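Since the structure comes first, as structure tokens, the remarks are kept for the end.
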Amino acid sequence: AAQQAETGDPLAVLAAVTDALANDTYLRELTLRGRVLTLAGQSAAAARLIPALTAAPTLRDPAFSAPITRNEAAQAELFSIRAMVAP
């Protein structure tokens with residue numbers, strides 16, 4: 001209970017991220033340290049991810065932590081996003 005109060009519920013965070021991300025989005029990294037969530041992966045339209053993550057009730061202030069880059073071979077955009085987990 002003390003750990004959950006400090007970092008939030010990891011399963012709730014995973015569920016929120018899963019629900020928010022589009023089917024054409026793939027994660028290669030998901031890190032939760034304290035209340036800081038970092039996501040990295042690829043998506044057909046990475047710009048759509050910020051509004052989708054903003055709508056998740058367990059996440060706060062999602063923002064790109066690096067510029068979006070285009071992977072022409074995969075027809076996808078590579079992204080890195082950082083968000084805070086709500087208390």
Side-chain angles (χ1 to χ4, degrees):
Q3 177 74 18
Q4 242 180 350
E6 187 176 315
T7 61
D9 181 2
L11 292 178
V13 172
L14 184 58
V17 169
T18 301
D19 290 342
L21 296 180
N23 289 337
D24 60 6
T25 301
Y26 303 93
L27 295 180
R28 60 178 170 76
E29 181 181 328
L30 184 148
T31 306
L32 181 60
R33 290 196 176 116
R35 291 198 171 272
V36 179
L37 174 68
T38 304
L39 308 169
Q42 69 181 33
S43 181
R48 294 182 304 178
L49 301 177
I50 298 299
L53 292 168
T54 299
T58 57
L59 303 177
R60 301 282 184 265
D61 303 322
F64 290 108
S65 56
I68 296 171
T69 56
R70 181 93 180 138
N71 180 345
E72 291 298 332
Q75 295 295 309
E77 298 174 336
L78 305 176
F79 66 87
S80 181
I81 296 174
R82 187 174 189 182
M84 300 300 295
V85 175

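Each residue takes its place number in the sequence, starting with 1. Because the structure is a prediction, the values reported are computed rather than measured.
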Ignoring hydrogens and geometry beyond distance, is a side-chain donor-acceptor pair present between Ser43 and Thr25 at under 3.5 Å? yes
Side chains of Val17 and Leu59 in contact at under 4.5 Å (non-hydrogen atoms): yes
Residue pair Asp24 / Arg48, side-chain heavy-atom distance below 4.5 Å: yes
Cluster question for you: counting only ILVMFWY and a side-chain heavy-atom cut-off of under 4.5 Å, with indirect links fine, are [X] and [Y] together?
| X | Y | result |
| --- | --- | --- |
| Leu14 | Met84 | no |
| Val13 | Leu30 | yes |
| Val85 | Phe64 | yes |

Flag yes if more than 12 heavy atoms outside Arg82 fall under 6.0 Å of its CZ atom; otherwise flag no. no
Should we say atom CG of Asn23 is surrounded by more than 12 heavy atoms from elsewhere, each under 6.0 Å from it? no
Test question: given the 4.5 Å side-chain rule for I, L, V, M, F, W and Y, name all other residues clustered with Leu78, or answer none. none
What heavy-atom pair brings [X] and [Y] nearest, and what distance separates the two atoms?
| X | Y | answer |
| --- | --- | --- |
| Ala12 | Thr58 | O-OG1, 4.1 Å |
| Arg70 | Glu72 | CG-OE2, 3.0 Å |
| Pro57 | Ala86 | O-CB, 4.0 Å |

Please walk me through it: do Glu29 and Leu27 pass side-chain contact (heavy atoms from CB on, under 4.5 Å)? CA-CA 5 Å; Glu29 181 181 328; Leu27 295 180; over 6 Å; no
Output for pair (Asp19 CG, Leu53 CG), nearest 0.5 Å, gives 11.0 Å
Starting at CD1 of Ile68, measure out to CD of Gln42 and round the result to the nearest 0.5 Å. 13.0 Å
Counting distance only, does the side-chain N/O of [X] pair as donor-acceptor with the main-chain N or O of [Y] below 3.5 Å?
| X | Y | value |
| --- | --- | --- |
| Arg35 | Leu32 | no |
| Glu77 | Ala46 | yes |
| Thr54 | Ile50 | yes |

